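Structure, as structure tokens:
Atom set for the values below is all heavy atoms of this structure, side chains included, hydrogens, waters and symmetry mates excluded. None of the values given here were measured: they were computed from a predicted structure. Each residue takes its place number in the sequence, starting with 1.
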Amino acid sequence: MTLLSIPDMNCGHCKASVTEALSALPDTRAITVDLTLRQVTVEGSSSPDALLAALSEIGFPAHIIATK
């Protein structure tokens, strides 16, 4: 599990874009988006670097809050 902060994510379209980008990674099992906190929880074995790269590619800089 990786918890990410995405400060620029603030609407339904942003949520859909982030979900689509992260879902495209082969080792992603589940994604939970919290627009209020602007955080995303990703379940699976995708590396944190791969998650950050996928988000950066679509214009959403992010940082890691926690990993388990």
Side-chain angles (χ1 to χ4, degrees):
M1 185 275 305
T2 303
L3 179 61
L4 303 166
S5 172
I6 308 174
D8 296 337
M9 181 179 64
N10 57 25
C11 68
H13 178 71
C14 297
K15 177 181 176 178
S17 296
V18 164
T19 301
E20 182 179 341
L22 296 176
S23 295
L25 296 173
D27 298 325
T28 301
R29 289 193 321 258
I31 298 164
T32 305
V33 178
D34 185 328
L35 276 177
T36 303
L37 295 176
R38 298 181 183 183
Q39 295 179 352
V40 176
T41 302
V42 181
E43 300 288 340
S45 58
S46 293
S47 73
D49 288 338
L51 299 172
L52 294 175
L55 293 170
S56 180
E57 284 180 21
I58 62 165
F60 285 96
H63 64 272
I64 298 166
I65 296 173
T67 59
K68 286 187 184 178

OG (S46) and CG (L51) are apart, to the nearest 0.5 Å, by 5.5 Å
Taking the side chain from T28 and the backbone from L22, do they hold a donor-acceptor pair closer than 3.5 Å? yes
When hydrophobic residues are tied together by side-chain contacts of less than 4.5 Å, even through go-betweens, does M9 share a cluster with I58? yes
If I take atom CG from residue L35 and atom CG from residue N10, how far apart are they, to the nearest 0.5 angstrom? 8.0 Å
Rounded to the nearest 0.5 Å, what separates atom CG in D49 from atom OG in S56? 11.5 Å
Taking the side chain as every heavy atom from C-beta outward, state whether C14 and D8 have any atom pair closer than 4.5 Å. no
Taking all atoms of both residues into account, what is the closest heavy-atom pair of L25 and A50, and its distance? CD1-O, 4.0 Å
Are the side chains of V40 and T19 in touch, meaning some heavy atoms are under 4.5 Å apart? no
Find the distance between NE2 (H63) and CD1 (I6) and round it off to the nearest 0.5 Å. 10.0 Å
Roughly how far, to the nearest 0.5 Å, is CG of L3 from CD1 of I64? 10.0 Å
Nearest heavy-atom approach of P7 to P61 is CD-O, 3.7 Å
d(L52 CG, T2 OG1) to nearest 0.5 Å is 8.5 Å
